[in-house]
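This structure is a prediction, so every number in the text was calculated from the model and none was measured. Numbering of ligands and ligand atoms starts at 1, following listing order.
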Amino acid sequence: MSNWNAVMAEAIDLAQHPGAPRGENPRVGCVIVDADGDVVGRGWHGGAGTDHAEVVALGDAGSRARGGTAVVSLEPCRHTGRTPPCTGALIDAGVVRVVFAQSDPTSTAGGGADVLREAGVDVVSGVLEHQAQEVNREWTIAVQRGYPYVTAKCAVSLDGRVAGAEGRRVQLTGSVANIYAHALRARVGAIVVGSGTVLADDPQLTVRHVPLLPAGAPVRVVVGNREIPADRKILDATAPTKIMRGHEPRDTLDSLFDDGVRDVLLESGPTVLGAFLREGLVDELVWLVAGTWLGSGPRALPGLDRLDAKVEIMETQALGEDVLVRATLPRKAA
Ligand code: AOF
Ligand code: ZN
């Protein structure tokens, strides 16, 4: 077989299995094909601590893997992490060819292609590379530069305000936009707010209205110096919470990355959002624009008169009676 696109497309589908979490590890799928071109094994990775996709697929194939080809959406790892290296498992199983899409961007696991070649395995790389990379877009950006991908979410009125007069909390968006916002939460490893938001709004910051992914509830993170009273919802037992006093945005992100978080949702108010934006640490803006005219009240970013960055709109969509605007900001070099 010389064109591996169709098999790779199946491996990329497997990577996106509903049971495959978004978390510390990427989403990876693998298909084993025998010498006749018949599929003899399939596997997908279920998250940190579980077998890698190749190992699952090799288990499925059994002895039929010998002499066959492994088609994987990510370069097989060469390292011993929580599990042994996939390069070893593939070589031991007698696979003669490995076809992969995306190179492993991590310094620890990356370089598996060389290990395989040295062992005499035929290696084909870059097949449907772009599609595979899209599946792990945020993860790839995060591990390449060493801190999590940051999405800032904000619900605003049509006149750009986030609360009513005197900062009074107003429910701006309707149920469709709220479900979208909860799906965003379910996808990330951490949700970050400032202590000011906890005092003003008492948010619970849990995933509701949509199912939790297998990775579980994102950790709720409070940054800032103000004391959090014990009765605040964010301190309830429904999800883990991390209080980080006086943290600079970059320190916060570094610390979360060390905890295994690759994707952060910023649901903070103007102060923390402004600090992250000024330091160029926001990758994506998710604005939920409600058709409400508040007329008075704070704006999303009162202290930020100008943004020295080109905002690029990626997506607009009607969500019930509200409008979603997704935009990217230029990424800072690591
Ligand atoms: C693969 N196949 O299915 C995955 C890979 O701690 P570990 O042992 O789970 O290793 C995690 C790293 O391995 C992860 O950061 C990424 O570089 C790679 N993931 N590699 O060959 C897989 N999930
Ligand atoms: Zn592996």
Side-chain angles (χ1 to χ4, degrees), residues 4 7-8 10-32 41-61 65 68-93 95 97-119 121 123-129 131-149 189 213-216 254 256-263 334:
W4 295 100
V7 186
M8 184 60 82
E10 187 181 349
I12 292 172
D13 277 349
L14 284 166
Q16 300 171 83
H17 187 282
R22 294 164 180 261
E24 180 171 2
N25 278 8
R27 303 194 288 166
V28 184
C30 178
V31 176
I32 312 281
R42 295 180 175 87
W44 50 272
H45 177 57
T50 68
D51 281 343
H52 287 187
E54 299 90 319
V55 171
V56 177
L58 287 172
D60 189 28
T69 298
V71 179
V72 203
S73 61
L74 181 73
E75 178 184 18
C77 67
R78 60 176 293 167
H79 78 308
T80 301
R82 296 176 186 82
T83 62
C86 289
T87 46
L90 291 161
I91 293 163
D92 291 348
V95 162
R97 186 183 299 110
V98 169
V99 179
F100 70 86
Q102 180 186 359
S103 297
D104 189 312
T106 69
S107 51
T108 41
D114 292 338
V115 174
L116 291 165
R117 280 195 195 98
E118 279 159 26
V121 177
V123 177
V124 181
S125 63
V127 176
L128 301 189
E129 181 176 10
Q131 285 93 318
Q133 205 158 319
E134 273 304 297
V135 172
N136 291 305
R137 190 173 76 92
E138 296 85 2
W139 179 86
T140 302
I141 292 168
V143 299
Q144 275 171 344
R145 68 182 184 193
Y147 62 89
Y149 186 89
L213 292 177
D254 286 344
L256 291 173
F257 191 86
D258 288 344
D259 294 343
V261 172
R262 301 289 176 262
D263 203 339

Chemist: For Pro76 and Leu116, which heavy atoms make the closest approach, and how far apart are they?
Modeler: CG-CD1, 4.0 Å
Chemist: With respect to the Zn ion (ligand 2), please indicate if His79 possesses an N, O or S atom at a distance under 2.8 Å.
Modeler: no
Chemist: Among all protein heavy atoms, pick out the one at the shortest distance from atom 16 (C) of ligand 1; state its residue, atom name and that distance to 0.1 Å.
Modeler: Asp104 OD2, 3.4 Å
Chemist: Angle at the Zn ion (ligand 2), SG of Cys77 to SG of Cys86, rounded to 10 degrees, please.
Modeler: 120°
Chemist: To make sure I understand the geometry: which N, O or S atom in His52 is closest to the Zn ion (ligand 2)?
Modeler: ND1
Chemist: Please determine whether a side-chain nitrogen of the Lys or Arg among Glu118 and Arg78 lies less than 4.0 Å from a carboxylate oxygen of the Asp or Glu.
Modeler: no
Chemist: Could you pull out the closest heavy-atom pair between Phe100 and Met8, with the gap in Å?
Modeler: C-CE, 3.4 Å
Chemist: Write out the residue and atom name of the closest protein heavy atom to atom 2 (N) of ligand 1, then the distance separating them to 0.1 Å.
Modeler: Glu54 OE1, 2.7 Å
Chemist: If you count the atoms of ligand 1 from 1 in the order shown, which ones are under 4.0 Å from a heavy atom of Thr83?
Modeler: 8 (O)
Chemist: Tell me the nearest of Arg27, His52, His45 to atom 7 (P) of ligand 1, using heavy-atom distances.
Modeler: His52
Chemist: Please compare Arg82, Glu24, Arg78 and report which has the shortest non-hydrogen distance to atom 6 (O) of ligand 1.
Modeler: Arg82
Chemist: Using a strict 4.0 Å cut-off to heavy atoms of Pro76, name the atoms of ligand 1 that fall inside it.
Modeler: 21 (O)
Chemist: Going from CD on Glu54 to CD on Glu75, what distance comes out if it is rounded to the nearest 0.5 angstrom?
Modeler: 10.0 Å
Chemist: Under 4.0 Å from a heavy atom of Ala53: give me the atoms of ligand 1 that qualify, with their elements.
Modeler: 3 (O), 22 (C)
Chemist: Check each atom of ligand 1 against the heavy atoms of Cys77 and keep those under 4.0 Å away; list them by number with element.
Modeler: 1 (C), 20 (N), 21 (O)
Chemist: Are Ile12 and Leu128 packed together at the side-chain level, in the sense that at least one heavy-atom pair is separated by less than 4.5 angstrom?
Modeler: yes
Chemist: Considering only non-hydrogen protein atoms, determine which one is nearest to atom 11 (C) of ligand 1 and report residue, atom name and distance to 0.1 Å.
Modeler: Asn25 OD1, 3.4 Å
Chemist: Closer than 4.0 Å to some heavy atom of Val28 - which atoms of ligand 1 meet that?
Modeler: 3 (O), 4 (C), 22 (C), 23 (N)
Chemist: Pro26: heavy atom below 4.0 Å from ligand 1, yes or no?
Modeler: yes
Chemist: Give the minimum heavy-atom separation between Ala20 and His45, together with the two atoms involved.
Modeler: CB-O, 3.7 Å
Chemist: Please report the closest heavy-atom contact between Ile32 and Ala70, naming both atoms and the distance.
Modeler: CD1-CB, 3.9 Å
Chemist: Taking the side chain as C-beta and beyond, is there a heavy-atom pair between Thr106 and Trp139 under 4.5 Å?
Modeler: yes
Chemist: Taking only non-hydrogen atoms of His79, do any sit less than 4.0 angstrom from ligand 1?
Modeler: yes
Chemist: If I compare all heavy atoms of Val55 with all of Ala89, which pair ends up nearest, and what's the gap?
Modeler: CG2-CB, 4.2 Å
Chemist: For Gly81, counting its heavy atoms only, list the atoms of ligand 1 lying under 4.0 Å from any of them.
Modeler: 6 (O), 8 (O)
Chemist: Which pair of heavy atoms, one from Tyr147 and one from Phe257, lies closest together, and at what distance?
Modeler: CA-CD1, 3.6 Å
